[in-house]
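Have a look at the structure below before the remarks.
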Amino acid sequence: MPEVETIARGLRKFIIGKQIVDVELSGLPLRRPVAETFARTLRGHKVRRIHRRGKYLILEMEPLSYCLVHLGMTGSLCYPARATDVAAHIHARIRFSDATELHYRDQRRFGLLAAYELSRLREIPELKRLGLDPLDPKIDLDRFWQLLRRSKQEIKAFVLDQKKIAGVGNIYASEALFHARIHPARRCSTLTREDARRLLRGIRTALRAGLRHNGTTFSDFIGADGEPGAHQRYLRVFQREGERCRRCRSRIRRSRQGNRSTFFCPRCQS
DNA sequence: GCATTACCCTGAAAGC
DNA sequence: TGCTTTCAGGGTAATG
């Protein structure tokens, strides 16, 4: 999510008020095929606002419609882009009336592009499925704890579950659990109210740290301005298997949960 | 109904 | 050297 927010912030500086005159698609399917109506829905509309919900980026257009973007694993938005940019993996070229272009690039095509003519943001089907926004200061600790206690999942899976908490990806889930000193394989139902409090705090700490450094770049992520993130230098556990814990000097371990890597400190997170 | 697993994709890196 | 296999992890359909 810090990567998506970084892009949203970048784009807000550049494309608000611009009018789309044309949309050109590669024709290749992303996570699912881009609807035939995508280009038609956006053409002639102006970018009014840019929102983020979970890992989704939403361009609010005028006349009212919404352009929904999910970057998946390797998606990026580039502005300003050039018509002459190498075409490899560019799946959408959005042209504005001032002749500038916004490109959506996605090597592995796990992303999503969709456009909706709806009157409200919250009617977008993908957004309806999302759970709590962890940065929302109004989250009630007791409600959060009850949500946890009702789940039989392992805590790492819960934190990654977008229906429960929206916006936490694999990097930040490992980091959040480290901050909260909770073992990633712990069952949610065994967590105390104090654990829940530390977890919520840990998630916020991990996400805000990512935001501060404009996201994490291992190989693919770049911001809208083409700059990579810097957060990888500040990670506590993620991708640090065998290295020393910055807190207790134990060796960081790696495990697999649901086909995804998890990193943790066996001493701090017991 | 819930939790878990398999799958889509590409390119880099490891293994043989 | 060069081919094959494994891995990365976003969400979700299929399976248990």
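Every chain is numbered from 1, with letters handed out A, B, ... down the list of sequences.
Residues satisfying the salt bridge (Lys or Arg N to Asp or Glu O under 4.0 Å) criterion with Arg149(A), sequence neighbours excluded, are absent altogether. With sequence neighbours excluded, the residues forming a side-chain contact (heavy atoms from CB on, under 4.5 Å) with Arg212(A) are Ala209(A), listed by chain and number. Remark: Glu243(A) pairs with Arg240(A) by the side-chain hydrogen bond (donor to acceptor under 3.5 Å, both in side chains) rule, at least two apart or across chains. Residues meeting the salt bridge (Lys or Arg N to Asp or Glu O under 4.0 Å) test with Glu101(A), sequence neighbours left out: Arg95(A). A search for side-chain contact (heavy atoms from CB on, under 4.5 Å) contacts involving Pro29(A) returns Pro33(A), Arg109(A), not counting sequence neighbours. Looking at residues two or more places apart in sequence or on another chain, you find a salt bridge (Lys or Arg N to Asp or Glu O under 4.0 Å) between Arg48(A) and Glu60(A), Glu62(A). In terms of the side-chain hydrogen bond (donor to acceptor under 3.5 Å, both in side chains) criterion, residue partners of His45(A) (sequence neighbours excluded) are, by chain and number, Ser65(A). Listed by chain and residue number, Leu135(A), Ile139(A), Leu200(A), Arg208(A) satisfy the side-chain contact (heavy atoms from CB on, under 4.5 Å) test with Arg204(A) (two or more places apart in sequence, or in another chain).
Geometrically, Arg53(A) does not engage Tyr56(A) in a cation-pi contact defined by less than 6.0 Å to the ring centre and at most 45° from the axis. Judged by a 6.0 Å distance limit and a 45° cone about the ring axis, Arg246(A) is not positioned over the six-membered ring of Phe178(A).
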Nucleotide N/O to protein N/O under 3.5 Å, stretch nucleotides 3-5 of chain B:
from: dA3(B); atom 1: OP1; to: Lys152(A); atom 2: N; distance (Å): 3.0
from: dT4(B); atom 1: OP1; to: Arg187(A); atom 2: NH1; distance (Å): 3.1

Check: protein-nucleotides 12-16 of chain C nitrogen or oxygen pairs below 3.5 Å:
from: dT12(C); atom 1: OP1; to: Arg129(A); atom 2: NH2; distance (Å): 3.4

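Between Asp106(A) atom CG and dG9(C) atom C1' there is a gap of 12 Å when expressed in whole angstrom units. Across the protein-nucleic acid pair, Leu68(A) atom CG and dG10(C) atom P stand 17 Å apart, rounded to whole Å. The interatomic distance linking Met73(A) (CE) with dG11(B) (P) rounds to 14 Å, in whole Å. Protein atom NE2 of His91(A) is 18 Å distant from nucleotide atom P of dG10(C), rounded to whole Å. dA6(B) atom P lies 16 Å from atom CD of Gln257(A), rounded to whole Å. Going from atom CG of Leu28(A) over to atom P of dC9(B) covers 10 Å, rounded to whole Å. As rounded to whole Å, 11 Å separates atom P of dG10(C) from atom OH of Tyr172(A). The separation between Asn170(A) atom CG and dC7(C) atom P is 15 Å, rounded to whole Å.
Side-chain nitrogen and oxygen atoms of His89(A) include none within less than 4.0 Å of the OP1 or OP2 phosphate oxygen of dC9(B).
In this structure, Phe110(A) forms no aromatic stack with the base of dG11(C), since the conditions of centre separation below 5.5 Å and plane angle below 30° are not both met.
Between the base of dG11(B) and the side chain of Arg108(A) there is no donor-acceptor pair shorter than 3.5 Å.
Pairs passing the salt bridge (charged side-chain N to carboxylate O under 4.0 Å, His left out) check and including a residue from residues 27-42 of chain A, sequence neighbours excluded, read Arg32(A)-Glu126(A).
The overall bend of the helix from dC2(B)-dG16(C) to dC16(B)-dG2(C), read as the angle between its terminal helix axes built from five base pairs each, is 60° when rounded to 10 degrees.
Note on Gly169(A): only backbone sugar-phosphate atoms sit closer than 4.0 angstrom, heavy atoms only; bases stay farther off.
Ring centroid separation for the pair Tyr66(A) and Tyr116(A) does not come in under the 6.0 Å cut-off.
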